[in-house]
Asks: 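One structure coming up, written as structure tokens, with questions to follow.
What's counted below: heavy atoms across the whole structure, side chains too, no hydrogens, waters or symmetry copies.
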Amino acid sequence: MQLILHYDETYRDVKYSNIGLQDIDSKMLMGINVTPIVALLYTPVLIRFFGTKWMMFLSSGIYALFVSTNYWERYYTLVPSATVIGVMIVPFWASLGNYITRMAQKYYEFVNYKEENVREQRRVPRGASHRYIIIFQSIFYSLFHISFVLAQLPVHFFLSKFFYSYNHTLFNVRDCGAAIQHGILPNFNLTVLHTLPPSLNLIYVESALMGAALVSMLLILLLCGSAYRPTEEIDLRSIGWGNIFQLPFKHARDYRLRCLAPYFLYSGFEVLFACTCFALCYGVCSLGLESLPFLLTAYGISASFSSSLALCMLRFPRQIPLVGGTLLHCCILIGLFFWSPTPKLQSQKPLLYLVAILWGVGSALNKSGLSIIIGVFYEDKERQDFVFTIYHWLQALAIFIVYLWSGIPVTAKLGIMLASALISVLSYLWMEHKLSCKVPYRVPKIPAPRHKVKGYRYMEEENSDESGSEGEKEQSEGGESEEEDKTVPCYRQPGRKECYEQAVGDEE
């Protein structure tokens, strides 16, 4: 909604004639897309320092901050807040993926609770929580993809009534789809609003979005429990900040992660492709701007319902949903190569909606399938945040690449997408082949916690205070105590002749 308002030439000239909204928007997009490149350096440190739950809470607060800046749109409010969002994208999603996996594991412990397991601190058997990881990740992505639908509500109910019809906005457009040789929507009309929306109505919409952001923060604060026990949180931090910084890089030795890396990149490509290249170069270019919220709504509803298809991992091999979703995308990409929709031709609407729905099915299978596989492969709670950091950092890197390619021809974008999809499938199948051949993989050792005892020292089974008591210190400095006379044999006490004679007599 913000970008549509800022795109309209009349809105910019009337409301913000002298602050350069287009330059601000380009700086905002740069801040959101460029800053996550360095997220691999600080994300594990932030998650271990704040904890998983509080990292989620802090990140949602940053999103709320960005929404609040729309009350006063200036360079010094929009650009810094967008940059901070770019900084928090990877920590937010890494902590979210880690949290859902931990909740699935803790739910297994709750369902299969036995007092002797707690007393003896037995570890959960390998593979025991896989069922719940599949269920929890499927439920999460079913709810997450609803956000694509909710995001269109402000445009649908508030902004769409101010749009010009497609005859006006597409008046100078000549090429769509694969025929576009440069940029996105060339020759699209610079005025898309026939009437400027009232400022009071904009404040109402922004207040509703701000309320939703604050509600999400309260839900995290009140309903989300801790992902780890307090002693576990201490142990996770106590391995040393240098080790925490290095461990994401050390996990790259694991061939499973290296083979999944192309899939991580592709999962970032395909969502941005659906929301930008397909929605704009195919949907808006042929049906007009008023079709944009409906196309994205169809995509979101399809992805939401299709996320439940990941539950088939409970019965079938895990390769089926992940490879099936990507192959579906490959078929769509090949079709888009040879299709250039005609501008202003409304009869193409059913086909465009069908492509949006099918793309949503593939996206749902990719997203949920990747998160499930990571949770299944890396069950150790000490390393999950590192692996999810690598996953979402590579996704953010893909988003940055999409940001860079905005000016290249559509056919080049389709070629990059198709190549990355095929490489992802081949790399994943090669990984599964190596696993089936029982090729050992290298998982870096997590260092043992190094606790620095400060202040009160906790009592253990053997009294640790006994050896360092003040009484013993005084004995070592100033002589022997009465207790020493009682406990030490008489003949072992030096300087006592009668004790020596007594000991010799006893031996005789």
Asks: Please determine whether the number of non-hydrogen atoms from other residues, nucleotides or ligands lying under 6.0 Å from atom CZ of Phe249 exceeds 12.
Replies: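 Atom CZ in Phe249 is crowded, with more than 12 foreign heavy atoms closer than 6.0 Å.
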Asks: Taking the six-membered ring where the residue is Trp, are the ring centres of Tyr63 and Phe92 under 6.0 Å apart?
Replies: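 Yes - the distance between ring centres of Tyr63 and Phe92 falls below the 6.0 Å cut-off.
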Asks: Counting C-beta onward and ignoring hydrogens, is there a side-chain heavy-atom pair between Tyr266 and His329 closer than 4.5 Å?
Replies: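 The answer is yes; the side chains approach within 4.5 Å.
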Asks: So does Pro444 get a backbone contact from the side chain of Arg383, meaning a donor-acceptor N/O pair under 3.5 Å?
Replies: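 Checking the backbone N and O of Pro444 against the side chain of Arg383, a donor-acceptor pair under 3.5 Å is found.
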Asks: Given Cys176 and Cys281, is the disulfide bond (SG atoms under 2.5 Å apart) satisfied, shown in steps?
Replies: CA-CA 6 Å; Cys176 288; Cys281 296; over 6 Å; no
Asks: Residues in side chain to side chain donor-acceptor pair (under 3.5 Å) with Ser129, at least two apart?
Replies: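 None.
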Asks: With heavy-atom distances below 4.5 Å as the criterion, would you say the side chains of Val87 and Tyr42 are in contact?
Replies: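 Yes. Closest side-chain heavy atoms under 4.5 Å.
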Asks: Take atom CZ of Arg258 as the centre, draw a 6.0 Å sphere, and report whether it contains more than 12 heavy atoms from other residues, nucleotides or ligands.
Replies: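 Yes - once you tally the heavy atoms of other residues, nucleotides and ligands closer than 6.0 Å, there are more than 12.
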Asks: Which value, rounded to the nearest 0.5 Å, describes the distance between Asp8 atom CG and Leu159 atom CG?
Replies: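 Asp8 atom CG to Leu159 atom CG measures 9.5 Å (nearest 0.5 Å).
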Asks: Where do Tyr391 and Ser371 land on the side-chain contact (heavy atoms from CB on, under 4.5 Å) test, with the steps shown first?
Replies: CA-CA 9 Å; Tyr391 170 33; Ser371 295; 3.9 Å; yes
Asks: Who passes salt bridge (Lys or Arg N to Asp or Glu O under 4.0 Å) against Glu290, sequence neighbours left out?
Replies: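 Salt bridge (Lys or Arg N to Asp or Glu O under 4.0 Å) check on Glu290 returns nothing, list empty.
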Asks: So Arg48 and Ile239, do their side chains get closer than 4.5 Å, heavy atoms only?
Replies: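 Yes, at least one pair of side-chain atoms sits under 4.5 Å.
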Asks: Parallel, tilted or perpendicular, judged at 30° and 60°: which one describes the rings of Phe388 and His392?
Replies: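 Taking His392 first and then Phe388, their aromatic rings lie parallel (interplane angle under 30°).
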Asks: Indicate yes or no: at least one non-hydrogen side-chain atom of Thr191 is less than 4.5 angstrom from one of Tyr11.
Replies: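 Not in contact.
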Asks: Begin from the C-alpha positions of Leu65 and Ser68 and carry the test side-chain contact (heavy atoms from CB on, under 4.5 Å) through to its verdict.
Replies: CA-CA 5 Å; Leu65 173 67; Ser68 68; 3.9 Å; yes
Asks: Give, for atom CE of Met217 and atom CG of Leu58, the distance between the pair rounded to the nearest 0.5 Å.
Replies: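 Met217 CE to Leu58 CG: 8.0 Å, rounded to 0.5 Å.
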Asks: Kindly give the heavy-atom pair with the smallest separation between His251 and Phe386, and that separation in Å.
Replies: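 Residues His251 and Phe386, closest heavy atoms: CE1-CD1, 3.9 Å.
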Asks: Verify whether the ring centers belonging to Phe294 and His156 lie closer than 6.0 Å.
Replies: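 Centroid distance Phe294-His156: below 6.0 Å, so yes.
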Asks: For a quick test of reading the model, state the closest non-hydrogen atom pair linking Pro44 to Pro248 and the distance between them.
Replies: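 For Pro44 and Pro248, the tightest heavy-atom pair comes out as CG-CG, 3.3 Å.
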Asks: Quick check: Phe273 with Trp405 (ring centres under 6.0 Å apart)?
Replies: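 Between Phe273 and Trp405, which both carry aromatic rings, the centre distance is not below 6.0 Å.
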Asks: Hydrogens and angles aside, do Tyr299 and Ser363 bring a side-chain donor and acceptor to less than 3.5 Å of each other?
Replies: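 Looking only at side-chain atoms, Ser363 and Tyr299 do form a donor-acceptor pair, the distance falling under 3.5 Å.
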